Structures are given as structure tokens and as C-alpha cells.
Enquirer: 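Before anything else, here's the structure in question.
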Amino acid sequence: RSEERLSMAIELAGLCTWDIDLATGDAIVSESHFEMLGLPKAGDQILPFSQWESRVHPDDLTKVLRAMEDARTKGSFYAPEYRIIRADNQEIRWMIDFGQCAYDKSGALHFMGMTLDVTERKIAEQKLHESEERYRVVADNTYDWEWWRTPEGRYKYCSPSCFRISGYTPHQFQSRPELIDTIIHQEDVSTWRVHLQHLSDSKECPLIEFRIYRADGEIRWIGHACQPIYDKSGNYLGERASNRDITDRKLVEQQRNEYRDSLERMVQERTSQLQAALSQLEKVNEGLKKEIAVRKKAEESLNAQTINLEEANTALKIILKRREADKVELEDRVLANINEL
């Protein structure tokens, strides 16, 4: 039952077992080993060494035989990775062996171990490697400072542009992971720490801006954009980041803000002047209103006097006419009296 359980576990794990008799070179292998090599199954489950050797990729055979020899003569653990060419369809597959020699007083008798097909893993590694190479080629030739950091803050990659921006070489950042923390401007340290905390808590990170001290002491503004990396289980694996020197833009913004502030001050000063002039005009206007009121009263008084004069003149005219009439009447009376005398 123990052997059955072990055999089942090995088969479920996708492993093939082998036991090589070093005297004859023949190996007793599991049935799955024939399937792995694309060979027809043998009833006695014996695989001649030459038949297995013929399936190993020619470019890897020397490496595998040397590892076997070291395991036999030095007692070292045997664990090479190599390619095979299947016998049935000529498909190339990747294998990894785990084995060790069994000894007695006369020396090594058997070479026993297991083989695992790791083709899918190698393909995934190759794709990842190609992806990293493409990223590296792009990053090496980009104007921005690119990096790839682990959760512990160590740099798996740092692009050459970091020297142009920061004055420090990629090797200095990779050998001193804490360097980035020491060159950040003291007023922006809190922004950086909050960003690092946000990295491990969220799958999206906003763009941040901070200042750094270059190796020569010059202060430069950095626009930092990054993408946190997670595995399929959601575990945080690190970050890929792009850092752009935005000092020129920040200087333009600063000049624009200073110009805007200057304009605002000029507007405020002009507004104050206009308000003072308006206040003065209001005072003058108030004086004019008072003067107009006085003149209006004087005009009303003059109009009243004019009306009185006109009435007096009319009365005077009436009196004069009456006097003329009286004069004529008197003259007529005098003349009548004289004529009567």
C-alpha cells in the first residue's frame, strides 16, 4: 500500500522515476517515462541508456553526461535542466532531473531519481524573459529614469537615465537601495512615504511629484508614475516606475504663478486706486449735490421774487394808468372851470 500510494503521488505530480543499473547501463523506468519521450511502452519497463541518450537534445547532451559523471564520482546531487526531442512527433520538451547515486563498499551501484516535464514553466520563463528584455531595451533607451523594485525596495533594474537625472549611476542605486530615500527633499519625504504605503495597499497609484537632490547638490523636480505588480494570488511583488525630470515645467509653472501673483497685486493696487478715486468722486459729488440744493433754493427764491416783481410791476402799471386817467380828468375839470369862469 505504501508503494501504491507513492506511485500514485508520483504520477499525479507528473513525475517519471528511473533506476539506472550502472553496471549494465539499462534503466528501470515508470510507464509515464516512455510517454514523456514519445516511445512505445516496454513490457519489462526497461529503457536502454542509449535509447534515452538518443532523445536528449544534442546541444544539451554533454552538459547532462557531465552532471551524471559528477554525481557518480563526487557523490553530488544530480539536477540538470535539458531538452529532449520526442521520438513520435519530434517535439522539443524541457526536462529537469533529480537524482543521486547509491553506493556500497565497492562503489556506486545504482543511479536513481525522477524526471519532471517543465516545458510550460520554461515557456512562461521565456516569455517573461522576452518581456523583460523588451522592457529593458525600451527602458535603456528612454529619456525617463525607469526602475523595477522589489517589495523590500531592492532594484531588479535601474535604467541608465538615472545618472542624467540624479547624478547617481544604476550600480549605486542597486548597491544602496536606501539611496532614493536619502536624496528626496525633506519637504517631500512625507509625500514619498505615503506613496510607498499606498503601493502595497492599492492596485492603482496616482502620479506624484517630488524634489530630489542631485549628486552635485542641484534640486530637481521628478514626476513619478508607477505600476504595482501582483501575482495571481494578489501578493505584492514590487513596482515598475517611470521618473521624468519635470524641473523645466515646474519653473515655467513657478514663473506663471509669479506672473499671476504680480498681475493680482497690480489689479489689487489698481482697484485700491480706483476705489480711492471713486471715494473722492463721491465726496465731490456730495458737495455738488449740496451746492445744487443751495442753488435750487436760491433759484426758487429768485423765482418767487420775480413773481412778486411782476405782480408789483403790473400793479404799478395799473396805478400809472389810473393816474393818467385822473390827470386827464383833472385837466378836463380845470379846463371846464376855466371856461366857466
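One is the number of the first residue; the rest follow in order along the sequence. Worth saying up front: this structure is predicted, and the values here are computed from it rather than measured.
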Enquirer: Anything under 30° is parallel, anything over 60° is perpendicular, the rest tilted; go ahead and classify H195 against H224.
Expert: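 Rings of H195 and H224: perpendicular, over 60°.
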Enquirer: Scan R220, K250, R164 and name whichever one has a side-chain hydrogen bond (donor to acceptor under 3.5 Å, both in side chains) with D245.
Expert: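 With D245 as partner, R220, K250, R164 yield a single side-chain hydrogen bond (donor to acceptor under 3.5 Å, both in side chains), made by R220.
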Enquirer: How long is the straight-line distance from CD of E291 back to CD of E286, given to the nearest 0.5 Å?
Expert: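 Nearest 0.5 Å value for the CD-CD distance: 12.5 Å.
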Enquirer: Considering residues, nucleotides and ligands other than R323, do more than 12 of their heavy atoms fall under 6.0 Å from its CZ?
Expert: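 No, because the 6.0 Å sphere around CZ of R323 holds 12 heavy atoms or fewer from other groups.
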Enquirer: Under a single-linkage definition using a 4.5 Å side-chain heavy-atom cutoff for Ile, Leu, Val, Met, Phe, Trp and Tyr, are L37 and F111 assigned to the same hydrophobic cluster?
Expert: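 Shared cluster, yes.
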Enquirer: Of all the heavy-atom pairs spanning A215 and G167, show the shortest one and how long it is.
Expert: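 Shortest heavy-atom contact: CB-O, 3.5 Å.
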Enquirer: In this structure, would I96 and I20 fall into the same cluster of hydrophobic residues linked by side-chain contacts under 4.5 Å?
Expert: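 Looking at the clustering, I20 is in a separate group from I96.
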Enquirer: Nearest 0.5 angstrom please: R256 CZ to L251 CG, how far?
Expert: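 Interatomic distance, R256 CZ to L251 CG, rounded to 0.5 Å: 12.5 Å.
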Enquirer: Is there a side-chain contact between T115 and V29, using heavy atoms and a 4.5 Å cut-off?
Expert: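 Answer no - side chains too far apart.
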Enquirer: Using side-chain heavy atoms (C-beta onward) and a distance below 4.5 Å, is T17 in contact with H33?
Expert: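 No, their side chains stay 4.5 Å or more apart.
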Enquirer: Carefully, step by step, assess S166 and R214 under the rule side chain to side chain donor-acceptor pair (under 3.5 Å).
Expert: CA-CA 5 Å; S166 69; R214 278 176 48 88; over 6 Å; no
Enquirer: Charged N to carboxylate O under 4.0 angstrom, R86 versus E35?
Expert: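 A salt bridge is present here (some side-chain N lies under 4.0 Å from a carboxylate O).
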Enquirer: Is any side-chain heavy atom of E209 less than 4.5 Å from a side-chain heavy atom of I246?
Expert: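 When only atoms from C-beta onward are counted, I246 and E209 do touch, with a gap below 4.5 Å.
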Enquirer: Give a yes or no on whether a salt bridge exists between K122 and E120, defined as a side-chain N under 4.0 angstrom from a carboxylate O.
Expert: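 No, this pair does not count.
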Enquirer: Starting from the C-alpha separation in whole Å, work towards a yes-or-no answer on salt bridge (charged side-chain N to carboxylate O under 4.0 Å, His left out) for R93 and E91.
Expert: CA-CA 6 Å; R93 306 287 294 180; E91 180 186 3; 3.0 Å; yes
Enquirer: Is any side-chain N of the basic residue among K296 and E299 closer than 4.0 Å to the acidic one's carboxylate O?
Expert: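 Here K296 does not pair with E299 in a salt bridge, since their nearest N and O are not under 4.0 Å apart.
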Enquirer: Over all heavy atoms of both residues, which pair between Q174 and Y155 is shortest? Give the atoms and the distance, please.
Expert: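 The pair with the smallest heavy-atom distance is CG-CB, 3.7 Å.
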Enquirer: I need the minimum non-hydrogen distance between D21 and H110, along with the two atoms involved.
Expert: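 Smallest heavy-atom distance, with atoms named: CA-ND1, 4.1 Å.
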Enquirer: Are V64 and L116 joined in one hydrophobic group, where the rule is that I, L, V, M, F, W and Y side chains link up if heavy atoms are under 4.5 Å apart?
Expert: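 Per the 4.5 Å side-chain linkage, V64 and L116 are not co-clustered.
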Enquirer: Rounded to the nearest 0.5 Å, how far apart are CG of N313 and NZ of K317?
Expert: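 Those atoms lie 4.5 Å apart.
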Enquirer: Which heavy atom of D144 sits nearest to which heavy atom of S161, and what is that distance?
Expert: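 The answer is O-CB, 3.2 Å.
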Enquirer: Restricting to pairs with a member in residues 50-77, which pass ring-ring contact (aromatic ring centres under 6.0 Å, His included), not counting sequence neighbours?
Expert: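 Qualifying pairs: F49-W52.
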Enquirer: Measure across I46 and F34 and return the closest heavy-atom pair with its distance rounded to 0.1 Å.
Expert: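 Looking at all heavy atoms of both residues, the shortest contact is O-CZ, 4.0 Å.
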Enquirer: Less than 4.5 Å apart, any side-chain heavy atom of P228 and any of Y236?
Expert: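 The answer is yes; the side chains approach within 4.5 Å.
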Enquirer: Does any non-hydrogen side-chain atom of M95 lie less than 4.5 Å from one of M36?
Expert: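 Of all side-chain heavy-atom pairs linking M95 with M36, at least one is under 4.5 Å.
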Enquirer: What pairs of donor and acceptor atoms, side-chain ones from residues 177-188 against any protein atom, are under 3.5 angstrom apart with sequence neighbours left out?
Expert:
from : atom 1 : to   : atom 2 : distance (Å)
D181 : OD1    : W192 : NE1    : 2.9
T182 : OG1    : L179 : O      : 2.7
H185 : ND1    : E187 : N      : 3.1
H185 : NE2    : Y213 : OH     : 3.4
Q186 : OE1    : Y213 : OH     : 2.5
Q186 : NE2    : Y213 : OH     : 3.4
E187 : OE1    : R211 : NH2    : 3.0
D188 : OD1    : R211 : NH2    : 3.2
D188 : OD2    : R211 : N      : 2.8
D188 : OD2    : R211 : NE     : 2.9

Enquirer: Quick one: are Y78 and D97 in side-chain contact, heavy atoms under 4.5 Å?
Expert: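 A side-chain contact exists here, since the closest heavy-atom pair is under 4.5 Å.
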Enquirer: Should E264 and D261 count as side-chain neighbours, where that means a heavy-atom distance under 4.5 Å?
Expert: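 A side-chain contact exists here, since the closest heavy-atom pair is under 4.5 Å.
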Enquirer: One pair to check against side chain to side chain donor-acceptor pair (under 3.5 Å): Q268 and R265. What are the steps and the verdict?
Expert: CA-CA 5 Å; Q268 291 175 354; R265 287 194 299 270; over 6 Å; no
Enquirer: Can you check salt bridge (charged side-chain N to carboxylate O under 4.0 Å, His left out) on R249 and E253, steps first, answer last?
Expert: CA-CA 6 Å; R249 193 198 78 191; E253 289 180 358; 3.2 Å; yes
Enquirer: Under 4.0 Å between a side-chain nitrogen and a carboxylate oxygen: does that hold for R121 and E81?
Expert: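 Answer for the salt bridge query: yes.
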Enquirer: Salt bridge or not between R333 and E329? Use side-chain N to carboxylate O under 4.0 Å.
Expert: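 Yes, R333 and E329 are salt-bridged.
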Enquirer: More than 12 heavy atoms of other residues, nucleotides or ligands under 6.0 Å from OH of Y82: yes or no?
Expert: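 Above 12, so yes.
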Enquirer: Go through the steps to decide whether N243 and E146 satisfy the test side chain to side chain contact (heavy atoms under 4.5 Å, CB included), and finish with yes or no.
Expert: CA-CA 6 Å; N243 301 278; E146 308 286 334; over 6 Å; no
Enquirer: Write down the atom of L22, the atom of C101, and the distance for their closest heavy-atom approach.
Expert: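 Taking every non-hydrogen atom into account, CD1-SG, 4.5 Å.
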Enquirer: Does the separation of the ring centres of W145 and F173 fall below 6.0 angstrom?
Expert: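 Judged by ring-centre distance (under 6.0 Å), W145 and F173 do meet the cut-off.
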Enquirer: Are E331 and L335 close enough that some pair of their side-chain heavy atoms sits under 4.5 Å apart?
Expert: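 Counting from C-beta outward, E331 and L335 never come under 4.5 Å.
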